[in-house]
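Comments concern the structure below.
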There are 2 protein chains.
Amino acid sequence: MDERRLSTRPTMRDVADRVGLSIKSVSRVLNGDPGVSEAKAEHVLTVARELGFRRNDLARSLRLQDRTETIGVVVRQASTRFYDSLIRGIDEVAARHGALVLTATTQSAEREQSAVLALSSRRVDGLIIVPSGEDQSYLRAEAAARMPMVFVDRPARGISADTVVADNVAGGYAATQHLIARGHQRIGVIGTRSSASTMSERARGYRDACREAGLASEDLVRWNAHGQEGAQQACEELLGLAHPPTALFALNNVCTIGAVRALQGAQLSRQVALIGFDDFDTADLLNPPVTVITQDVEEMGRRAAEAIFSRIDGRPTTSRREKTVLPTTLIARGSGEIEPDRPVARRIGA
Amino acid sequence: MDERRLSTRPTMRDVADRVGLSIKSVSRVLNGDPGVSEAKAEHVLTVARELGFRRNDLARSLRLQDRTETIGVVVRQASTRFYDSLIRGIDEVAARHGALVLTATTQSAEREQSAVLALSSRRVDGLIIVPSGEDQSYLRAEAAARMPMVFVDRPARGISADTVVADNVAGGYAATQHLIARGHQRIGVIGTRSSASTMSERARGYRDACREAGLASEDLVRWNAHGQEGAQQACEELLGLAHPPTALFALNNVCTIGAVRALQGAQLSRQVALIGFDDFDTADLLNPPVTVITQDVEEMGRRAAEAIFSRIDGRPTTSRREKTVLPTTLIARGSGEIEPDRPVARRIGA
DNA sequence: AAGTCTAACGTCAACGTTGACGTCAACGTT
DNA sequence: AACGTTGACGTCAACGTTGACGTTAGACTT
């Protein structure tokens, strides 16, 4: 009764044979196109259901030269909260456009390229990329073919495209000024890679604020603090200096958590101020609660998705690249409001 | 010089025309097949690069009936940490098999089906699903077509397939017993949906332990604590009872964080014990540090991916379904070791 | 009665790629 | 000199689907 090859999915051909119609009529029914009698249409649908027919969208989008109704997202698995929120924002907009969001995650910067190209080979309608590699010029071909692309969190290098980023410089500046305003003169900084633009911009904001206040800064910046352990060690090193900083600025949330760990370990949570870049779930539950600079990551996702769809829906890919810069906000919770221990003489004077 | 239609990607045809070879020879070169002279092969590669040629994998896998070298993952965006770790585990194994992992996230249980079917229509080689809907019988067609499928975290309903889950009952039992051993007799439970098997199994472990110890339990279980706010409210309600619980068991990490918030708000963090199911980043930094039952989510991802690939690589999809149950571990950090306030009389007696 | 129209179908070719198989010239063998 | 072998190509058909364009038979017009 069922002579089809095993382990192969039924096609319109199979449905058509069973119903006694041409494959084209089946296609019509399944796409809701007119030109098939009510009765036969009904029959087609029944048989399709019975056979477990699932239209092969690969073949479909091969034929219909245009849309696959799919957008690709490429992110590196690293910072915790970022990923979730970003996708949520993208999903929200994509759902409104009836598109599917497929995310490819990469462990390393090197695999970014293969993930991106794999999505491109699958002919997604657009790409949202959080670049982690040093160079995105491998996307020149896609750019030439006018594939809509948006870079999020950091701008691409070696290629020009729409970009959605947070105002990292302003965030770094705000954090630093907040600390300076409370009397801190020695502010330590912990970051991962100085080559990442997010990191270097946050640090630039820090340096700008320091310079404005007439503070030296460079000797208190520690790069290459990878993972929570790395960040913790970097903090411990800073705290162990002859002239230790009285405040810390952690450039992302992994660093922030490492810093909290270092401060708790050294029993200094209540003496040394801390501000972290990017909020995290339990920031308000720690002791003291952690003051942070937040970026609205979900909004970044929404903006990126909107940019993609506006390109897909006609805005020419050759038109001027847009760079969206989203503001950051300081949320004071306690750790950033700790004042430096003042010299005894001045304390008496106060 | 460049007369191709705008905004269309170059195909092997374009490369072939430029080189003056047949399309088949180009295909050979691009696949590293033999039968093309060194010199021409070189030329083909150069031209392909110049034109920005990217093989259309849709067409390729349409032709080669077999693999797309892609596996699909469908998860619901909800619990924080779970997602990241799971994908990391899956990615690790997939990378070893040279496959791409494409993740579709869904906001709601209703959209699970459309995401799964979209991946199926794109002919992924296998599906890893964290079911959130109530029923997965919509996958019958895929099962009939022997599409490899693995369900993670919860078993599917309405269809049988390989499954990878944590030992939720044992975890719930261990948490409860840990509290009972420290003298707690009234243990409150906060969970989201009693209909989710993870939740109900953890609660079953709790009830088993209570029954064994001769404790009543049911009136201290609070369901439908959605989101951190919901969990916080549910806890506050429990703590406000005439006979409040002396310990809390939060059934997932969102609930745990809500519970911490409630306890801190009521200044009871050091009086009421707390154990959370599933670890989270800052659990050891809270005050007191939070005792948790951990499940190795990354390992769940690895096992699921291994199961998928073993099905893809030949293990017949008709062979017996395997259910992998991973152990859970209790990590004592402080919050779970708080003892109940004993009545004065007994305290003197001790 | 011949013509026009329409609904309900069908045929064909094409999307981009690759397996199966064919052609042809150059070469080595006996 | 006839034969087989080999390397370097090319042709064709097919994967599953759909747009463009037939082909019928019946209903409706004049």
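Here is the naming used below: chain letters follow the sequence lines, and residue numbers restart at 1 for every chain. On a predicted model such as this, the values are computed, not experimentally measured, just so you know.
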### Partner set under side-chain contact (heavy atoms from CB on, under 4.5 Å) for A:T324, not counting sequence neighbours
A:V164, A:R303, A:L326

### Query
Donor-acceptor pair under 3.5 Å: do we get one between B:R60's side chain and the base of C:dT17?
no

### Message
To the nearest 10°, give me the bend of the helix from C:dA1-D:dT30 to C:dT30-D:dA1, comparing the axes of its five terminal pairs at either end.
### Response
60°

## Note on the structure
Taken to the nearest whole Å, CZ/A:R122 to P/C:dC15 is 22 Å

### Query
Separation of A:R55 atom CZ from C:dC15 atom P, in whole Å?
20 Å

### Task
Mind calculating the distance between CG (B:D17) and C1' (D:dG10) to the nearest angstrom?
14 Å

### Task
Please list, chain by chain and in numerical order, all residues satisfying side-chain contact (heavy atoms from CB on, under 4.5 Å) with A:D17, sequence neighbours excluded.
A:R13

### Task
Provide the full list of ring pair (Phe, Tyr, Trp, His ring centres under 6.0 Å) pairs with a residue in residues 87-132 of chain A, sequence neighbours left out, each pair given once.
A:H97-A:F309

### Query
Quick one: B:R123 CZ to D:dG16 C1', roughly how many Å, whole number?
9 Å

### Summary
A:D14 CG to D:dC15 C1', in whole Å, measures 13 Å

### Message
Tell me if a side-chain donor or acceptor on B:R311 pairs with a main-chain N or O of B:E306 at a distance below 3.5 Å.
### Response
no

### Message
Please classify the nucleic acid contact of B:N31 as base, sugar-phosphate, or nothing, using heavy-atom distances under 4.0 Å.
### Response
sugar-phosphate

### Task
List in numerical order all residues of residues 21-28 of chain B for which some heavy atom is under 4.0 Å away from an atom belonging to DNA chain D.
B:L21, B:S22, B:K24, B:S25, B:R28

### Task
Enumerate the residue pairs fulfilling salt bridge (Lys or Arg N to Asp or Glu O under 4.0 Å) with a member in residues 127-136 of chain A, sequence neighbours excluded, ordered by first and then second residue.
A:E134-A:R157, A:E134-A:R193

### Message
Once salt bridge (Lys or Arg N to Asp or Glu O under 4.0 Å) is applied, what residue pairs with a partner in residues 41-64 of chain A remain, sequence neighbours excluded?
### Response
A:R18-A:E50, A:R54-B:E142, A:R55-A:D57

### Task
Using the salt bridge (Lys or Arg N to Asp or Glu O under 4.0 Å) rule, collect all pairs that involve residues 19-35 of chain A, keeping only residues at least two apart or in two chains.
none

### Query
Rounding to a whole Å, what distance do you find between A:R63:CZ and C:dT17:C1'?
16 Å

### Query
Roughly how many Å is it from CG in A:D33 to P in C:dA8, rounded to a whole number?
14 Å

### Task
Under 4.0 Å between any heavy atoms, over every strand shown, what does B:L62 touch: base, sugar-phosphate, or nothing? Just pick one.
base

### Task
Verify, without hydrogens or angle tests, whether B:S197 (side chain) and B:S195 (backbone) share a donor-acceptor contact under 3.5 angstrom.
no

#### Entry: Set of residues satisfying side-chain contact (heavy atoms from CB on, under 4.5 Å) with respect to A:T68, sequence neighbours excluded
A:S61, A:T70, A:R123, A:D125, B:L58

### Query
side-chain contact (heavy atoms from CB on, under 4.5 Å) with A:S160: which residues, sequence neighbours excluded?
A:R321

### Task
Provide, to the nearest angstrom, the distance between the CG atom belonging to B:N56 and the P atom belonging to C:dT18.
10 Å

Side-chain atoms of residues 109-117 of chain B: list all donor-acceptor pairs with protein atoms under 3.5 Å, sequence neighbours left out, distances to 0.1 Å.
from   : atom 1 : to     : atom 2 : distance (Å)
B:E110 : OE1    : B:S108 : OG     : 3.3
B:E112 : OE1    : B:S132 : N      : 2.6
B:E112 : OE1    : B:S132 : OG     : 3.1
B:E112 : OE1    : B:G133 : N      : 2.7
B:E112 : OE2    : B:Q136 : NE2    : 3.1
B:E112 : OE2    : B:Y138 : OH     : 2.6
B:S114 : OG     : B:R111 : O      : 3.1

### Task
Name every residue in residues 34-45 of chain B that has at least one heavy atom under 4.0 Å from any atom of DNA chain D, in order of residue number, or write none if there are no such residues.
B:G35, B:V36, B:S37, B:K40

